[in-house]
Amino acid sequence: MVKTVTCQKDFVTKMDEFKSVVEQTMKIVEQLGQAIDKEKLRAIGSRNIVESESEARKRAMREAEFRHSEKQRELDRHLAEYNALLKVEQEQRSYIQKLSLSARD
């Protein structure tokens with residue numbers, strides 16, 4: 001009977017130790033789970049930042065292309081105006097030259 005009581009006490013002690021080990025393991029697993037969740041959130045935040053930067057670069061590129069096309073149209077318009085003015089100048093010089101020649105005659 002003494003042996004049975006001793007066995008029971010050993011069993012209870014071992015079960016208490018097992019319970020303690022399980023509780024410690026559960027705490028560690030919980031801490032790891034929290035750390036994983038924290039890292040997941042950080043990774044999601046980083047991904048969102050990268051995606052928004054990519055979108056911002058694309059938007060800036062489209063704006064730069066638009067400004068470039070506006071400037072190109074403006075340059076084309078100024079070149080056409082310049083060429084028209086050159087033609088008018090040439091016609092006026094020709095007319096002045098004709099008038100000068102006819103005045104001498």
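- M61 has its side chain within reach of E65: a pair of non-hydrogen atoms, C-beta onward, lies under 4.5 Å apart.
- With values rounded to the nearest 0.5 angstrom, R59 atom CZ is found 10.0 Å from S54 atom OG.
- Using a distance-only test at 3.5 Å, with no hydrogens or angles considered, a donor-acceptor pair links the side chain of S102 to the main chain of K98.
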Open item on the list: Please determine whether side chain to side chain contact (heavy atoms under 4.5 Å, CB included) holds for the pair F66 and E70, giving the CA-CA distance in whole Å, both sets of side-chain angles, and the decisive distance to 0.1 Å.
Closed with: CA-CA 6 Å; F66 178 75; E70 281 183 330; 3.1 Å; yes
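- Tested against R93, the residues E89, E91, Q90 include a single side-chain contact (heavy atoms from CB on, under 4.5 Å) partner, E89.
- Under a 4.0 Å N-O distance rule, the pair K27/E23 does not qualify as a salt bridge.
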TODO: Show your working on side chain to side chain contact (heavy atoms under 4.5 Å, CB included) between V88 and Q92 and close with a plain yes or no.
DONE: CA-CA 6 Å; V88 167; Q92 288 176 348; 3.7 Å; yes
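- Put simply, the side chain of T25 does not reach to within 4.5 Å of the side chain of V22, judged on heavy atoms.
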Task: Worked check of side chain to side chain contact (heavy atoms under 4.5 Å, CB included) between H78 and E74 - done: CA-CA 6 Å; H78 286 305; E74 187 177 351; 3.5 Å; yes
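- Listed for the S100 side chain is a donor-acceptor partner under 3.5 Å among the backbone atoms of I96.
- Around CD of E53, the count of heavy atoms belonging to other residues, nucleotides or ligands within 6.0 Å exceeds 12.
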- [ ] With side chain to side chain contact (heavy atoms under 4.5 Å, CB included) as the test, would you mind laying out the steps for Q34 and D37 before giving the verdict?
- [x] CA-CA 5 Å; Q34 290 173 351; D37 288 342; 5.7 Å; no
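- Taken to the nearest 0.5 Å, the NE2 atom of H68 stands 9.5 Å off from the CG atom of L75.
- The residues R42 and E39 are annotated as salt-bridged, a charged nitrogen and a carboxylate oxygen being separated by less than 4.0 angstrom.
- Rounded to the nearest 0.5 Å, atoms CG (L79) and CG (L86) are 10.5 Å apart.
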